[in-house]
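Worksheet: one structure, shown below.
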Amino acid sequence: MATTALHPAAPAYRSSLYDWVTTTDHKKIGILYVINSFVFFFIGGLLAMGVRLELAQPGLQFVADQTYNEIFTMHATFMIFLFVIPMLAGFGNYIVPLQIGAPDMAFPRINALSFWMLPLAGILLLLSFVTGGSAAAGWTSYSPLAQDRPLGAVGPGQDLWVVALVLIGTSSILGAVNFLVTMFKMRAPGMTLFRMPIMTWTVLVTSVLVLMATPVITSALIMLFIDRNYGGSFFDPANGGDAILYQNIFWFYSHPAVYVMVLPAMGMISEILPVFSRKPLFGYRAFVFATAAIGALGFSVWAHHMFTTGAVYLPFFSFVTFLIAIPTGVKMFNWIFTLWGGKLTFSTPLLFALGFLSMFLIGGINGAVSASVPVDFAIHDTYWVVAHLHYVLFGGSVFGIMGGLYYWFPKMTGRMMSESLGKVQFVLMFVGFNLTFFPMHQLGLAGMPRRIADYSSASGWNDLNLLATIGGFTIAASMLPLLWNVFVSLRSGEPAGDDPWEGNTLEWATSSPPPPYNFDHLPPIRSERPVFDQRHGDVPHTKTPPGPDRTQQIPAGR
Amino acid sequence: MTTDTTALTTEHSPVAGLAHDARGGISNPVLGMLLFITSEVMFFAGLFAAYFNVRANAAQWPPINPESGEAFHIAIFPLVGPATVLLILSSFTCQFAVWAIRRNDRTAFLRNIAVTFGIGVVFLIMQGIDYAELGREGLTLSSGTYGTTYFTLTGFHGAHVFAGVIMLGVVLYRGMAGQFSARHHDAVEAASLYWHFVDVVWILLFSLLYLLPGNAPRV
Amino acid sequence: MARSPRTGRSPSARFGIRALVVGLILVVAVGAAIAVGVDVALTGQSFVSSFFPPVAVTDQGERIRDLYGIVFFIAVAIFFLVEGLIIWTVVRYKRRPGDDELPVQTHGNMIAETVWTVVPTIIVAFLFIISWQTLNVVDTVSATPETRIRAVAGQFQWSFDYLADDGKTVLYQQFLPTGEDGGMTVPTGRTIKLDLTSLDVIHAFYVPQFLFKRDVVPGRTNSFEFNVKDSDAGQTFRGQCAELCGAGHRIMLFEVHALTPADYDAWLQARIAEKAAAPTPAPSGAPAPSGEPAASGQPAASGQPATGAGPTLIVSAINVAFEQTALTGPANTPFKIEFDNKDASVPHNVAIHEGSPTGPELFKGEVFPGVAKKTYDVPALPAGAYAFVCTVHPNMTGTLTVN
């Protein structure tokens, strides 16, 4: 059995605050990302409660119109840029080097820099609330509303928003460079690309998307900043600019961004489903190609956000939008057939993965409905879209993140989380989520537009809005068992050991938490399930046995 | 007396794999720089997209300056043309420096890097003077779409030249401190890749802003 | 105590957890059933029809609704199929306690992959084709529409210009977006071409019963055509801005009134005649009388009337807000309001309501776009508390104390 000998495992010790602040260890940085992201998840969630409170009943009860505009703008901004994207980057940071058998990321100091730009950006965004009002033109920040003109985005709030987003974008891009070099250059011997776990593959494709798309929104934001502060004429028709140009550049990033937000979560459940079914992932190669196809196609569909502008070539964008449903469907069936014929254990990670499957199915279907241009003419900019985006981003990404949290918390901390509390959280979150967002399909179809602080009771939207608010409070309630679970488990959770779930991938071949530089020794890598192979030896399988090792051998002790 | 510095180099440390993949191929820093340059290309792509869109929608290009009543005009001489030639030259000297250090010729390497660095500084100065001149003639960021796109595109290019100059300065300093050899000069490779990228972007910009013919007024 | 390889728990703990899980599943099921029941009850309509857009009042909208029906049916079928598969799999393949044997380690199946690539492709191709066909019908603009109207969107109101056949000459401008004497009046049956222009930021013209919306983008003119069904003559449809446009986004409501072609022609002719009788408001600076032949139109700087019965109150508006919040007026005496509309191209007026802004309307001044001034003659009011409001922008309010 070939091994790569490194230093012996470091003795367990508690890191000081100084260690945490100056660390370049991908595991600590990953945890910092996760913690920071949860902080902004809660802030974004509070803002969402503000939205639901105001909309529960007709009449402006709590906030003025402009404040309401600030609330939903910042809700989306925090959730997208300071919660989902960095949370997935944080899990990637922790898990990817472990899964490929590497001692750390390729550029550890840049890794730390990438992280610390995020709390800074978050502080800028929080500051904007007290500097005369935050950005209030929607997270999409369309021009000319986002320009500095009366009745538009007056004041520094919008500028702070631009600066914060440029910071976050830079953090993402540097992170993507780091991930790609790590995955291409630092895989352990035997770890060919087609033996990398799907989680790692999704981070790879996500990093390509981040690398290629994020700079484009940086350019749009900078051009907006120049318009607002230096008399520029990019996007303001009053100065000879073009409002639609902003939308094209913005959505060229923001559509791939939604795949950035969902692909790693798909990777997470692609790790969870096989382990808790005790079978390999069905159709590994199909997964890789489907993920790559989604990534590539994701660059072609952006103008489906602009069907009603009258300025896009509708048939092309409708066609490619429908097309992207196909690789997504392939993945859905591959997940289901991973479960099929397996022996399922309904631990909390699996529950969240199953929730992901069902909710993302709905989100994918209602998205496909929107791909039909004439139908989109009716439902664009209504609550139908709010339902769609939350089904894919909350029902999809957040459920995936929760699954990943319960799955990898033992590896990160050495302790198991409470299954009972986890199940309570799952039920509350699942019920609350559907109660909140399912009625929004009906509200959107009935004609309720987005981004309105209030509605007339003559419209007939009262009851569904009240139902959605009750659901919102249920989601908020589900956070309590989560927080309690984290705190209790950190203090006195059952010790996890190396491999509490009988996992398949390399992170389960080392201690929980892993030592610095991750591995004392690596098992032989002959398939995408090296730990499974080590545990079970020669297990009969159908169709595609693990291939021969085509990599060179590295002599030990160099 | 020779000191054994092998322990200081990464290839003997436990984290050897972090910098050099024993399977060969380009080093991590060089791959990282190539990927970063890809992202920078996409950034300029966004700016270029805006420029093309603005040009296509304009009734006339260059547009009429409302103050003077005549079309805007940016001159290739005496500043921008020669600056372009200098920048192209600097790519050559930069590559000479890379070839020099690859064959361990530290003297030639330092000389060429210093020249490249110097040309970069001169380019920035020339651009600054050009900006001041244009400002005097009435062309600024707020001069409608023409001024906005011109100064945004060339300004961000200038910012990238500035970053490149700093990179070259660091490389020059480290080179003078003897930190580079034929076996270890990743930073030189990476910096030179960035510098070539900066040059290529300028050639594109120069062609589009100065050489591409304008549109006659549409009736 | 026996430990299962996965959860490592004792049998008694496993029983407790099993009970918990069963209990939770029951809660979920009951909760879901209640939610569905509540949803059905609250929507006040059949559960199924709440998943459809409103019945269309235009020919184009009807085509869209038919398309939606097909798309929705396929969507629901796929959902039940796949979700059913998930639920069945999850129920069927639960691990029996103590069963530590590995299941068959299937890695994949090329036939399966092919099937679930090809079948969705066919479904998706079908959906694309029928959508494209519908789009070609719904999104055409003909060379000679029978009626031409322009909707002008601004922060924060809609106004409607009725155009002559050349598409440019304005026959009549309607500044009130809602109400019996406001909104966009259209003939049924005829092809109506609507041009959309914006005064400032991006808005969107959306009528849920048309199943249609189109953005209103400054710097470009979007257009679309529609035919209101004959059976909907006499109806009023509500519309609303559907693109965030600032603090007043949610109040940008409008109405569409459908009349038979004959009624519409008569209506338009009456409006044109009305407009010819009353002079249009003069552009900025020159104050115009509000229709009374004995004009008192010379405002004095101090607000004292030059001629006329009562005092002249000064009211002005800019950036969709009144600059005054409280006025006082004389009881039982007619008085004047000199209204300075400083918002370029934005229509405002001053209306007086009893008690609060939503109280009964007692006086409504003529709506006109800025920058312009008008003087209104307000009839005598008894002492009391009133509110003054802009009829176009109901959030523009102030108090009027009459004593």
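Just so we're clear, the structure is a prediction, and the values are computed from it rather than from any experiment. Reminder, nothing fancy here: chain letters follow the sequence lines and each chain counts from 1.
Interface remark: A/A311 contributes backbone and side-chain atoms alike to the contact with chain C (heavy atom separation under 4.5 Å). Contact annotation for C/D200: both backbone and side-chain heavy atoms come within less than 4.5 Å of a heavy atom of chain A. With a threshold of 4.5 angstrom between heavy atoms, C/E101 approaches chain A through its backbone and through its side chain. Residue C/Q209: no heavy atom, backbone or side chain, is found under 4.5 Å from chain A. Of the atoms belonging to C/F128, heavy atoms from both backbone and side chain fall under 4.5 Å from chain A. For C/W116, the parts lying near chain A are the backbone and the side chain together; criterion is any non-hydrogen pair under 4.5 Å. For C/R238, the part lying near chain A is the side chain, with the backbone staying farther off; criterion is any non-hydrogen pair under 4.5 Å. In this structure, the portion of C/N222 lying under 4.5 Å from any heavy atom of chain A is its side chain and not its backbone. The contact between C/R220 and chain A is made entirely by side chain atoms (from C-beta outward), counting heavy-atom distances below 4.5 Å. If you measure heavy-atom distances from A/T321 to chain C, you find no contacts under 4.5 Å at all. Of the two parts of A/L323, only the backbone, made up of N, CA, C and O, holds a non-hydrogen atom closer than 4.5 Å to a non-hydrogen atom of chain C. Using a 4.5 Å cut-off between heavy atoms, C/V124 contacts chain A through both its backbone and its side chain. When heavy atoms are compared at a cutoff of 4.5 Å, A/P144 approaches chain C by way of both its backbone and its side chain. In this structure, the portion of C/E113 lying under 4.5 Å from any heavy atom of chain A is its side chain and not its backbone. For a residue to count as touching a neighbouring chain, one of its non-hydrogen atoms must lie under 4.5 Å from one of that chain's; by this rule C/V90 touches chain A with backbone and side chain alike.
If you look at A/F438 and A/H441, their ring centroids are closer than 6.0 Å. For C/F51 and C/F47, the distance between ring centers is under 6.0 angstrom.
Between A/W335 and A/F287, the ring planes are tilted. Angles from 30° to 60° get that label. Ring pair A/Y246/A/Y142 is perpendicular by interplanar angle, where above 60° counts as perpendicular and below 30° as parallel. Aromatic ring pairs are classed by plane angle as parallel below 30°, tilted from 30° to 60° and perpendicular above 60°; the pair A/F282 and A/F337 is tilted.
Heavy-atom pairs under 4.5 Å with chain A were tallied for C/F212, C/F156, C/F224; the largest tally goes to C/F212. Between chain A and the residues C/D139, C/L253, C/V137, the largest count of heavy-atom pairs under 4.5 Å involves C/D139. Note on A/N462, A/L339, A/L361: by heavy-atom pairs under 4.5 Å with chain C, the leading option is A/L361. Across C/G246, C/G219, C/P120, the residue that shares the most heavy-atom pairs under 4.5 angstrom with chain A is C/G246. Chain A forms more heavy-atom pairs under 4.5 Å with one residue of C/Y93, C/W132, C/F210 than with any other, namely C/Y93. Counting heavy-atom pairs under 4.5 Å between each of C/T121, C/V320, C/I87 and chain A puts C/T121 at the top.
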Can you give the donor-acceptor pairs under 3.5 Å from side chains of residues 69-86 of chain C to other protein atoms, not counting sequence neighbours?
{"from": "C/E83", "atom 1": "OE1", "to": "A/S358", "atom 2": "OG", "distance (Å)": "3.3"}
{"from": "C/E83", "atom 1": "OE2", "to": "A/S358", "atom 2": "OG", "distance (Å)": "2.9"}

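A/D381 has no carboxylate O lying under 4.0 Å from a charged side-chain N of C/K213, or vice versa, which leaves the two without a salt bridge. A salt bridge links A/R278 with A/E502; the closest basic N to acidic carboxylate O contact falls under 4.0 Å. For the pair C/D100 and C/R95, the salt-bridge criterion is met [side-chain N within less than 4.0 Å of a carboxylate O].
Every residue two or more places apart in sequence or in another chain that forms a side chain to side chain donor-acceptor pair (under 3.5 Å) with A/D499 is listed here: A/R535.
Between A/N465 and A/Y455 the shortest heavy-atom distance is CB-OH, 3.3 Å.
Counting only distance, with no hydrogens or angles, the side chain of C/Q155 and the backbone of C/G248 share no donor-acceptor pair below 3.5 Å.
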